[in-house]
Each structure stands twice: as C-alpha cells, then as structure tokens.
Trainee: 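Questions regarding the structure given below will be posed in turn.
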Amino acid sequence: MVRVRFAPSPTGFLHVGSARTFLFNWLFARRQGGTMVLRVDDTDVERNTAASLNSIFDGLRWLGLSWDEEYKQSERLRLHREMAEAIFQKGLAYRDFTPAQTGERSSAQGPWLFNAGMRELSREESDRRAAAGEPFALRFRVPRETEREIRFTDMVYGEQAKSTADIEDFALLRSDSMPTYHMASCADDADLRISHIIRGQDHLTNTFKHLLIFEAAGVAAPNFAHLPLLVAPDGSKLSKRRHGPVVSVTTYRDAGFLPEAFINFLCLLGWSPKDNREMMSRQELVEAFSLEGINRANAVINFKEPPNQPEDTFDPKALWLNAEHIRALPVEELCRRLLAVVRQAGYKISPEKMLEITRLVRERIRLLNEVLSVADFFLCQKLPAYDAAELVPQKGDAEMARRVLQRAREVLRDAEFTHEDLERTLRAAAQELGIKAGQMFQPIRVAVTGRKNSPPLFETLEVLGKDVTLARIEQGIENIHQPTGS
RNA sequence: GGCGCUAUCGUCUAGGGGUUAGGACGGAAGAUUCUCAAUCUUCAAACCCGGGUUCGAUUCCCGGUAGCGCUACCA
C-alpha cells in the first residue's frame, strides 16, 4: 500500500518549492492509488505562526489538491518521546549535558562529531545528573567505533552510501524535551506507515541519519525519492528575503494564474513526461507521472531579478502555459473566472455581458488579471483620458480623423450593431471618404477604446452597443478640437 | 574545512558509444490581418574542462572546475 506525506513546517507562507513537493507526492499517490497524508511539522514552537499555517492551507486549497489524512506533530509528542526513550534504553542514544551552542561552531577546524566527554559518560553519572534536574539533550550514538557504510537506493538519485565516520551525533530530543525534526519526522513516518518519502534534495544527506533512527527503533525504513531543488536564476536558493514574492504561491494566485496552469508549470520543473508534451491537464499529469521522469539537477525558475515590469516576476514559460490553459478553458468557464476577477476589482457587470467580453479577450490575456487592463473600456462607463494625437490614422492628419469620426457618427446612428452590418457600413464609409479601411477603423478604435490596440473593431462595437459607441465617438470629435488629452 | 549531490541551447528539458544532438519557452525574421493578440513558416542558440576505455565519446570511468546541499538542542 502506497502512503506518502507532505510535511510542511508552518514557519512561513507556502513556498513554490514546497508546493512542488506536495504536488509530486500527490501525483505519485494518485497514480499509484495510494494515500496522501498531510502532516504539519510544528515542533519548532518558537517559529510557528498561525498566519503561516493559514497561508499553507490557502495555497493548497487554491491548487485544488486534496489529501486523505491530516496530522499535527505537536499532538503526537508522546509518540516521539517514547521512540526516543526506547532508543536511549537500548543504549543507542545518550544524554548530552553540554549547554546548547549559541554562536557559529568554527567550521574551519574540521567537522564536529560529538561533545567530548558526553558520549562516554557512565550510565550512573548520567542518571545522577539527570535526576538532579540538570538539562540535557538526547543524542544519537552514531556507531563510529566500528565504522561502517550506511546505504540506501534513492528512487531518483540511485545508490547512496555514507560512512558513519562522517555523521555527527545528531540530537533526538532538545534540552526542553521537545523532539528534533529528525526524531519527530522518523517516529511519525514509522507510525503512519509511510511507504515513500518524497522530499527535497536538501534532505538527501539527512537520510543517513534517518536510516540510523529507523534501524535503532527496529522498524523497516520506507523508500526514499529526493527531488532536485528549485533555485533562482543565479543558482541561489529561493528565499523571501532575497527574492520577495516570487517564492510565494499566493503571488501566482493573486496575479491571475489558473491553478491547473501553475501545477503544470511546477511539474515541468525537474520532471518530464519524456514525450515532448508541455501543456498537460491535471488528469494527464496523473497518468504520465513517474519517479523515473524526475531529473537530478536543480531547476531554475527564470524570473528577472530586479523586476521592471510586473510580469518579470514570473517565468515566461509559466506565463505561456497559463495563456494556453486560459485558451483551453471552455468560454463559459473562463467567463466565470474572469467575472470573479472583475467583480473583485469593483466593477458591476452582468454574466451575459461578461461572456461576450470573454470571447474577445480570451486570446489576448496571459493572466486572468490582465482582463482589467485589456478590457477596461468595456468595464468602465467613462473612458479614461487618452492622447488625442492617437486618433490620427496612419498617413493621415487630424483633419482626416475628424472626418472619419463625423462620418462614423452619422453612419452608425442608423446601423444595426451586428458584426456583419457594422463591417459593411464602415467599409462603405471608408470608400466614400476615399481612404483605406485601416485609416477609417483606427480613429474609431481609439475613440471607443482609448487606445490603439484592441480586439477587432466590429466585435468590439457590437459588445459596446450603440449608445456607448456614439457617445465615445462624440467625445473623440471634441478631443480633436481641444487636443489637450483631457 | 569535511561529506554528499549535480553539470545538454539564455531557461525548462529529450536523448544516448556512431544522431544534421530533438522539443518547448523566450529572441529574431516573415506570412495572415482593421490594430493587438492568436495562428502558421523560417532562423539563431547547447553536450563545463582534462585525461583515459574504445575503431569511435556529448554519452562509460577517473581527475579537475563550478554550482548546490548537509555539517544546529531549524525544518
């Protein structure tokens, strides 16, 4: 029975790297028909925050990935201590009465392995000092007298081996009797019968310690699969301090990413279906996922370090994938999602109107939020000020713009506002004026949308309706006479 | 410093003892077009370095270099 877990520690918002770890676990579980466990690793009381926990749940909820069981480490402390105690009773751990190290241990003079004197302390003296109330940390007694190799086969990185001579006597219990990460994690993994531990590569070398714990506790070790890390363009690890909001999942959500697109993007970082597919649905990902497809080198999230544009915070491929997913959505569904964005921004608009707008913006936006800038002229009543010079068509002048708008005003008054009729009417008008179609359309476009780039003109006018169109053309004519831009 | 991991276009990657080293994003050019977008076509762009092994290495082995990780009573 496959059982995997995602074990975030609530000491910060949901990190993109964590989200990917969750995702790979989830994909593996769903592919194998296994169980997904969410375990909150909250043994570091000092750094835990409720806000962080919320951020994690918010992020996961947005991604729409579910889990089957949920635990909190802080509610399982007894289990951790019992396992630590059992290891101690077997003589495989010892009490270390050395006060906790505060500053940096000088790493220049070789590796630290254990505190001299403590490892060899007699049981009697150890018991006596403990009974006297002297605080201690419980350390694992790494078998270094008879040096040996700890081995395992990582499902991504292959054969791994490390000599016990290179493993320090790590702590199991802190002097306040709280379990350390290593202890709590292993005790829970054993107790929850986790079959596969899929986690970041930063834990690869910790695995040897964990193997030691499992062995000492007398339980079979699970399988391990380590994931390459997600890093910044300069190769450094992603951190909030250095890289800001790019590392937070909620940033993607708030910018208008589709969760399915974000998931797709994350999957492609360090994993490949090996058949050149890029754009994949959640279902396709589940079907294609396997640990063999995971790469071993760290993957760069390609954002621009000092962002000049808002979009610089995102990997161009993420943007492209999002655009692809937006276009793959049925219009009604896209409309529903855009409606939420538009209403959130304070606009009142009917679902019917929004559906028409959706059809026009769907291949023009990469992020849901871009609807606010791309379709603003549909949403607002009064057009924001624009430069009257923009009304002037290619190879034309202000006079031509004026003639175009006046003619358009006349001709549109009697037109039926359908794509076909508008096209016929305006093309005819251009011919009458003896100008090119483009020269006819451009002033109208600017008058009606406030800018030079927009969806096709006839569809735009159709959606806008006769009243708004005429009013804006009127305004455009005025703007030519007083070209102040106001 | 010690130990471990990694190394293919700018980025994500496929591949693998003999290939024109493939795809995608991004970039450039062009087609289409009422603008923008979408779409289509084309182009530029990579096997870290040095030794082996071999008829032949980008691929296998060793060394170097670089990057990353661990080296806490953080996780």
Side-chain angles (χ1 to χ4, degrees), chain A residues 7-9 11 41-44 46-47 96 98-102 104-113 135-139 154 157-158 160-163 165-168 170-182 184-185 200-209 226 228-229 231 233-237 265 268-279 295-303 315-321 323 327 360-366 374 393-394 423 426-427 430 436-442 444-446 449 451-458:
Chain A
S9 58
T11 55
D41 278 11
D42 55 352
T43 54
D44 187 359
E46 305 279 299
R47 300 199 302 153
D96 182 351
T98 313
Q101 200 83 21
T102 40
E104 298 249 324
R105 202 175 260 130
S106 54
S107 57
Q109 52 233 28
W112 171 89
L113 289 174
F136 61 86
L138 194 69
R139 285 191 186 282
D154 189 274
Y157 286 88
Q160 302 294 320
K162 186 165 182 164
S163 166
D166 295 318
I167 304 173
E168 76 283 1
F170 53 94
L172 260 22
L173 253 30
R174 303 174 209 171
S175 48
D176 60 1
S177 89
M178 283 295 281
T180 60
Y181 159 73
H182 301 301
S185 176
Q201 194 242 45
D202 47 347
H203 286 295
L204 189 63
T205 45
N206 283 334
T207 304
F208 298 103
K209 297 173 189 169
H226 288 88
L229 265 21
V231 297
D234 66 355
S236 67
K237 85 176 210 182
F265 171 64
L268 263 17
L269 255 18
W271 173 81
S272 158
K274 299 186 187 287
D275 58 7
N276 283 346
R277 274 186 296 173
E278 302 270 349
M279 146 89 166
N295 208 330
R296 281 175 292 275
N298 289 171
V300 172
I301 295 193
N302 196 14
F303 54 85
D315 190 311
K317 197 152 199 169
L319 252 14
W320 171 76
L321 272 172
R327 290 191 289 266
L360 295 184
V361 300
R362 134 191 175 97
E363 11 186 72
R364 275 165 255 268
I365 56 175
R366 291 169 306 170
V374 169
Q394 281 285 309
E423 173 152 21
L426 291 176
R427 283 193 190 277
K436 289 185 169 178
Q439 293 176 308
M440 180 79 201
F441 301 155
Q442 199 60 11
I444 302 174
R445 179 193 318 285
V446 173
T449 68
R451 70 171 77 119
K452 287 180 158 174
N453 299 335
S454 81
L457 188 60
F458 317 123

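For clarity, every value in this text was computed on a predicted model and none was experimentally measured. Note that these values count all heavy atoms, side chains included, but never hydrogens, waters or copies made by symmetry. A note on names: the letters A, B, ... follow the listed sequences, proteins ahead of strands, and every chain is numbered from 1.
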Trainee: For A:T11, give me all partners under side chain to side chain contact (heavy atoms under 4.5 Å, CB included), at least two apart in sequence or on another chain.
Mentor: A:S9, A:R47, A:N48

Trainee: With A:F441, which residues qualify under ring pair (Phe, Tyr, Trp, His ring centres under 6.0 Å), at least two apart?
Mentor: A:F458

Trainee: When the distance from CG of A:L360 to P of B:rU35 is rounded to whole Å, what number comes out?
Mentor: 16 Å

Trainee: Only counting residues at least two apart or in another chain, list the ones meeting side chain to side chain contact (heavy atoms under 4.5 Å, CB included) with A:P228.
Mentor: A:R20, A:Y157, A:I294, A:N298

Trainee: Using a heavy-atom cut-off of under 4.0 Å over every strand shown, decide if A:K452 touches base, sugar-phosphate, or nothing.
Mentor: base

Trainee: Base, sugar-phosphate, or nothing: which does A:T180 touch, judged by heavy atoms less than 4.0 Å apart?
Mentor: sugar-phosphate

Trainee: What is the distance, to the nearest angstrom, from the CG atom on A:L172 to the C1' atom on B:rA72?
Mentor: 14 Å

Trainee: Could you list the protein-to-nucleotides 3-8 of chain B atom pairs, N/O on both sides, closer than 3.5 Å?
Mentor:
{"unit_1": "B:rC3", "atom_1": "O2'", "unit_2": "A:K162", "atom_2": "NZ", "d": "3.4"}
{"unit_1": "B:rC5", "atom_1": "O2'", "unit_2": "A:Q201", "atom_2": "NE2", "d": "3.1"}

Trainee: Ignoring backbone atoms, establish whether A:K237 has a side-chain N or O less than 4.0 Å from OP1 or OP2 of B:rC68.
Mentor: no

Trainee: What does A:H182 touch in the nucleic acid at a heavy-atom separation under 4.0 angstrom: a base, only the sugar-phosphate, or nothing?
Mentor: base

Trainee: For A:D315 and B:rG10, what is the distance between atoms CG and P respectively, to the nearest whole Å?
Mentor: 16 Å

Trainee: Taking only the C1' atom of each, what is the distance from B:rU53 to B:rU59 in whole angstrom?
Mentor: 13 Å

Trainee: Using whole Å, what does the distance between atom C1' of nucleotide B:rA24 and atom CD of A:E278 come to?
Mentor: 4 Å

Trainee: For B:rU41, give its Watson-Crick or G-U wobble partner with both distances under 3.5 Å, or none.
Mentor: B:rA29

Trainee: Under 3.5 Å between N/O atoms: give me all the protein pairs with nucleotides 26-28 of chain B, atom names plus distance.
Mentor:
none

Trainee: Mapping A:L269 and A:L229 onto RNA chain B by nearest heavy atom, which one lands closer to the 5' end?
Mentor: A:L269

Trainee: For nucleotides B:rG67 and B:rG26, find the distance between their C1' atoms and express it as a whole number of Å.
Mentor: 24 Å

Trainee: What does A:R47 touch in the nucleic acid at a heavy-atom separation under 4.0 angstrom: a base, only the sugar-phosphate, or nothing?
Mentor: base

Trainee: Got a list of protein N/O to nucleotides 30-34 of chain B N/O distances below 3.5 Å?
Mentor:
{"unit_1": "B:rC34", "atom_1": "OP1", "unit_2": "A:R427", "atom_2": "NH2", "d": "3.1"}
{"unit_1": "B:rC34", "atom_1": "O2", "unit_2": "A:R445", "atom_2": "NH2", "d": "2.3"}
{"unit_1": "B:rC34", "atom_1": "N3", "unit_2": "A:L457", "atom_2": "N", "d": "3.2"}

Trainee: Tell me what A:S454 touches on the nucleic acid: a base, only sugar-phosphate, or nothing, going by heavy atoms under 4.0 Å.
Mentor: base

Trainee: Give the rounded distance in Å between these two atoms: CH2 of A:W271 and P of B:rA24.
Mentor: 17 Å

